[in-house]
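Treat the numbers as computed from the prediction; the structure is a model and nothing was measured.
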Amino acid sequence: MGLMELAWIIPASSFFAFVGIIAFGRRIPFVSPMLSIGAIIVGCILVFVVVMGRIDADPTGIDFFSRKWFEVGGTELMLGMIIDPLSIVMLGLVCFVSLMVQVYSLSYMRHDPKLAWYYAIHALFAASMILVVLADNFLLFYVAWELVGLCSYLLIGFWWEKREPVEAAKKAFITTRIADVALLVGILLLFHEVGTFSMKETFYQAQLLGAGEVSELSSGTTMIATFLLFIGAMGKSAQIPFHVWLPDAMAGPTPVSALIHAATMVVAGVYLVARTFALFEAVPNVLLVVSIVGLVTSLLASTMALVNTDLKRILAYSTISHLGLMMLSLGAFGYTAAIFHLVAHGFSKALLFLGAGSVSHASNQTDIRKMGGFIKVMPITAITFGIGALSLGGIPIFAGFWSKDEILIAVFNHRNFLFLIGTLFVGFLSALYMARAFYLVFFGDLKNENKSVSESPILMTAPLILLAIPSLLFGFSVFGSDEGYGGIGRFIFFENAHDFHFNVLLGSISVILAVVAFGISKPLYITRKFDLNRIKKYFSGLIRICERGYYFDQVYEWFFDRIVLVSSRFIAWLDRAVVNDVGVNGPANSMGWTASKLRLHVTGKVYNYALVMVLGSMIIGSVWWIMVAG
């Protein structure tokens with residue numbers, strides 16, 4: 001067995017940790033975090049082992065390690081793994097962020113009575129997401145995909161004794177399930193065409209189709225199936241109109257939000273599009289839809305983040321916006337740029353959410369209007385949060401700057417001018433809302449009610465420091481050497497490896513917009529040199545629309561209240577009054593009535609029967625006489 005084949009141990013270790021916690025967690029409470037954290041440490045170590053095996057094999061190809069699972073109706077179902085640069089990068093992100101979140105949770109969740117259950121679901125969550133990354137066939141992928149959804153439901157609704165988390169968990173579960181139905185139908189369509197769930201065979205047939213050669217896939221079915229796969233990705237990655245669940249998901253514990261936003265639930269959708277990119281490339285029209293959805297999502301979510309006052313919700317809308325940028329990049333054939341930004345965003349967003357958790361843990365609030373001056377009492381949290389904000393704001397030399405530049409180049413090369421303008425505007429808004437959150441929380445005067453706030457414990461600040469390092473330095477992975485590592489563009493690519501290239505004009509405009517956004521934020525929100533109230537007055541209508549989330553929730557609520565529930569009541573009445581009473585009970589009732597009338601002649605009295613016999617004989621005789629006489 002080669003080193004790469006040891007990758008199966010990564011999800012298996014976390015799954016066995018889940019089983020162990022369920023079995024022994026209640027009786028031995030301290031064993032729960034030990035098992036879960038120990039399993040993810042094993043996973044982190046094995047990621048390096050897999051990378052070494054990959055380097056020794058072929059650093060650019062794709063390896064499938066498949067074994068026969070079972071056979072049904074002549075169809076063999078395989079169980080295996082895909083080991084390629086995409087899966088390796090995702091493994092590193094998932095394992096590292098999961099480890100940081102679980103260590104952070106030791107302090108953040110230490111007083112919670114359900115700590116064992118918390119770590120059990122964390123272990124299952126990590127195992128499920130890793131299985132999504134490694135799965136080499138669509139059936140195994142879908143099973144892991146649904147487990148990811150289940151774990152997010154359980155963790156969002158972790159505090160089930162409160163109404164808000166319960167409602168948020170149900171909303172997330174139902175919204176993503178609607179999209180998952182589309183994903184399942186798409187998978188079944190592909191299976192019907194190709195005759196197997198194997199990704200390897202399906203992608204090969206898609207490449208034949210794209211090249212105009214004979215393929216088992218037809219263009220029409222492939223287009224429909226690929227579009228359905230994208231709908232599934234939209235649900236998980238909170239793309240409009242499926243985005244409504246993600247801001248409400250903030251009702252769960254903050255470390256859970258960090259995990260969902262950075263490395264598990266929401267990035268699964270982007271990973272799905274990247275993993276099945278051969279299908280999307282075979283039907284470019286769907287990629288145009290991906291670009292449009294991504295850009296619209298980014299624009300709307302950015303404006304919602306800019307007007308929100310809850311720190312966690314600002315970060316939630318920020319996630320939606322950046323996921324939109326990743327989808328936009330994939331739709332613009334920017335495969336490498338999208339995955340590069342996924343990783344850069346993952347490190348930065350985990351850092352920001354854990355930083356927000358540090359702030360709320362110390363101050364017992366998330367409203368940025370009640371904060372300010374926290375850099376004086378929480379310097380580590382402030383500095384690390386600032387690194388994350390600068391990264392997502394696109395400020396050089398932070399990781400987000402490099403990945404955003406690659407997205408701009410992809411859009412510039414493959415989409416029209418409107419897409420480019422929209423992407424630049426999203427970059428400006430991203431810098432503006434990150435600067436707004438950073439300044440309002442950490443700068444200005446420290447309010448009296450926050451004078452008792454102090455820095456978080458070492459178990460919370462250490463993960464912040466460790467996450468700040470890749471948020472600052474990961475962008476330099478674009479550089480490499482011809483002899484060794486050739487840079488991110490030569491490691492993560494779909495078809496053609498490429499070196500990092502900087503478009504001076506686009507890069508300059510992007511940097512200017514980001515610097516201007518950070519530059520105007522302090523006089524706008526802290527020193528108040530600009531009259532913010534007057535600005536709000538001019539844009540009051542637009543601000544009201546953004547604050548209410550473009551009324552998506554209200555429209556959905558109206559639709560369910562006025563359409564779905566009314567239709568359901570009508571169908572229920574139809575079922576009872578027509579189907580049951582007429583269709584089912586009607587024939588039975590009519591037969592009963594007929595039988596009740598027919599049985600009247602059965603009296604059991606001889607003289608009744610004799611009378612009937614005499615009358616019958618007379619009638620027969622009369623009829624015979626008439627017939628003979630006639």
Query raised in the report: So do the side chains of Asn450 and Val377 get within less than 4.5 Å of each other, counting heavy atoms only?
Result: no
Query raised in the report: Mind checking whether His345 and His341 have parallel, tilted or perpendicular rings, split at 30° and 60°?
Result: tilted
Report task. Taking the six-membered ring for Trp and the single ring otherwise, decide whether the centroids of Phe479 and Trp402 are under 6.0 Å apart. Result -> yes
Query raised in the report: Salt bridge between Lys236 and Asp180, side-chain N to carboxylate O under 4.0 Å?
Result: yes
Query raised in the report: So, do Cys151 and Met265 sit near enough that their side-chain heavy atoms are less than 4.5 Å apart?
Result: no
Requested in this report: Check the angle between the aromatic planes of Phe230 and Phe280 and answer parallel, tilted or perpendicular using the 30° and 60° thresholds.
Outcome: perpendicular
Report summary line: In terms of heavy-atom contacts, Leu352 and Ala389 come closest through CD2-N, 3.6 Å
Query raised in the report: Is Met109 close to Phe158 at the side-chain level, that is, under 4.5 Å between some pair of heavy atoms?
Result: yes
Query raised in the report: side chain to side chain contact (heavy atoms under 4.5 Å, CB included) between Leu86 and Ile339: does it pass, once the steps are laid out?
Result: CA-CA 8 Å; Leu86 174 60; Ile339 303 306; 3.8 Å; yes
Report task. Dump the intermediate steps for side-chain hydrogen bond (donor to acceptor under 3.5 Å, both in side chains) on Ser358 and Tyr104, then the final yes or no. Result -> CA-CA 10 Å; Ser358 178; Tyr104 181 97; 5.1 Å; no
Query raised in the report: When rounded to the nearest 0.5 angstrom, what distance separates CG in Asp310 from CD in Gln365?
Result: 10.5 Å
Query raised in the report: Should the heavy atoms of other residues, nucleotides or ligands under 6.0 Å from CG of Asp561 be counted, would the total exceed 12?
Result: yes
Report summary line: Residues Ala258 and Ala350: closest non-hydrogen pair is CB-O, 4.2 Å
Report task. Could you give me the CA-CA distance, side-chain angles and deciding distance for Val166 and Lys170, then say whether side chain to side chain contact (heavy atoms under 4.5 Å, CB included) is met? Result -> CA-CA 6 Å; Val166 171; Lys170 289 191 293 185; 4.2 Å; yes
Query raised in the report: Heavy atoms, side chains only, cut-off 4.5 Å: are Phe340 and Val478 in contact?
Result: yes
**Report entry** Side-chain touch Ser87/Val133, heavy atoms, less than 4.5 angstrom
**Finding:** yes
**Report entry** Heavy atoms from other residues, nucleotides or ligands near NZ of Lys522 exceed 12 (cutoff 6.0 Å)
**Finding:** no
Requested in this report: Just do the side chain to side chain contact (heavy atoms under 4.5 Å, CB included) check on Trp159 and Asp112 with the steps written out, would you?
Outcome: CA-CA 10 Å; Trp159 288 315; Asp112 198 288; 2.8 Å; yes
Requested in this report: Working to the nearest 0.5 Å, report the span between CG of Asn308 and OG1 of Thr303.
Outcome: 10.5 Å
Requested in this report: Over all heavy atoms of both residues, which pair between Ile320 and Ala238 is shortest? Give the atoms and the distance, please.
Outcome: CG2-O, 3.4 Å
Query - Close side-chain approach of Phe385 to Leu311, heavy-atom, < 4.5 Å - result: yes
Requested in this report: Please check if atom CZ in Phe412 has more than 12 non-hydrogen atoms from other residues, nucleotides or ligands closer than 6.0 Å.
Outcome: no
**Report entry** Inter-residue atom distance Leu93.CG - Thr264.OG1, 0.5 Å rounding
**Finding:** 9.5 Å
Query raised in the report: Looking at His261 and Ala316, what are the two nearest heavy atoms and their distance?
Result: CE1-CA, 3.5 Å
Query raised in the report: Is Phe494 atom CZ crowded by more than 12 heavy atoms from other residues, nucleotides or ligands, each under 6.0 Å away?
Result: yes
Requested in this report: Report, as yes or no, whether the 6.0 Å neighbourhood of atom NZ on Lys447 holds more than 12 heavy atoms from other residues, nucleotides or ligands.
Outcome: yes
Query raised in the report: CD1/Ile314 to CD1/Ile368 distance, rounded to the nearest 0.5 angstrom?
Result: 3.5 Å
Query raised in the report: Should we count NZ of Lys451 as having more than 12 external heavy atoms under 6.0 Å?
Result: yes
Report summary line: Of all heavy-atom pairs linking Ala338 and Ser329, the shortest is N-OG, 3.4 Å
Query raised in the report: Is there side-chain contact between Met460 and Thr381, with at least one heavy-atom pair below 4.5 Å?
Result: no
**Report entry** Step-by-step side chain to side chain contact (heavy atoms under 4.5 Å, CB included) determination, Val441 to Val359
**Finding:** CA-CA 9 Å; Val441 173; Val359 170; 4.3 Å; yes
Requested in this report: Could you grab the distance from atom CE of Met371 to atom CG of Leu440, nearest 0.5 Å is fine?
Outcome: 10.0 Å
Report task. Answer yes or no: is there a side-chain heavy-atom contact under 4.5 Å between Ile174 and Trp245? Result -> no
**Report entry** Expected output: side-chain Ser477 to main-chain Ile488 donor-acceptor under 3.5 Å
**Finding:** no
Requested in this report: Take the angle between the ring planes of Phe277 and Phe333 and call it parallel below 30°, perpendicular above 60°, tilted in between.
Outcome: perpendicular
Report task. In plain terms, say whether Arg544 and Glu547 are close enough for a salt bridge, that is, a side-chain N and a carboxylate O under 4.0 Å apart. Result -> no
Report task. Answer yes or no: does atom CD of Glu164 have more than 12 heavy-atom neighbours from other residues, nucleotides or ligands under 6.0 Å? Result -> no
Report task. Report the relative orientation of the aromatic rings in Phe173 and Tyr153; use parallel for angles under 30°, tilted for 30 to 60°, perpendicular for over 60°. Result -> tilted
Query raised in the report: Would you find more than 12 non-hydrogen atoms of other residues, nucleotides or ligands less than 6.0 Å from Phe539 atom CZ?
Result: no
Report task. Without swapping roles, check the side chain of Thr297 against the backbone of Ile240 for a donor-acceptor pair under 3.5 Å. Result -> yes
Query raised in the report: Out of Val515, Val516, Ile509, which residue meets the side-chain contact (heavy atoms from CB on, under 4.5 Å) rule with Ile512?
Result: Val516
Requested in this report: Kindly assign one of parallel, tilted or perpendicular to the pair Phe438 and Phe442, based on the angle between their ring planes and the thresholds 30° and 60°.
Outcome: tilted
Requested in this report: Step by step, work out the side-chain hydrogen bond (donor to acceptor under 3.5 Å, both in side chains) result for Lys312 and Thr366.
Outcome: CA-CA 7 Å; Lys312 290 178 65 175; Thr366 59; over 6 Å; no
Query raised in the report: In Å, rounded to the nearest 0.5 Å, how long is the span from CG of Leu91 to CE of Met129?
Result: 9.5 Å
Query raised in the report: Shortest non-hydrogen contact from Gly394 to Lys404?
Result: CA-NZ, 3.6 Å
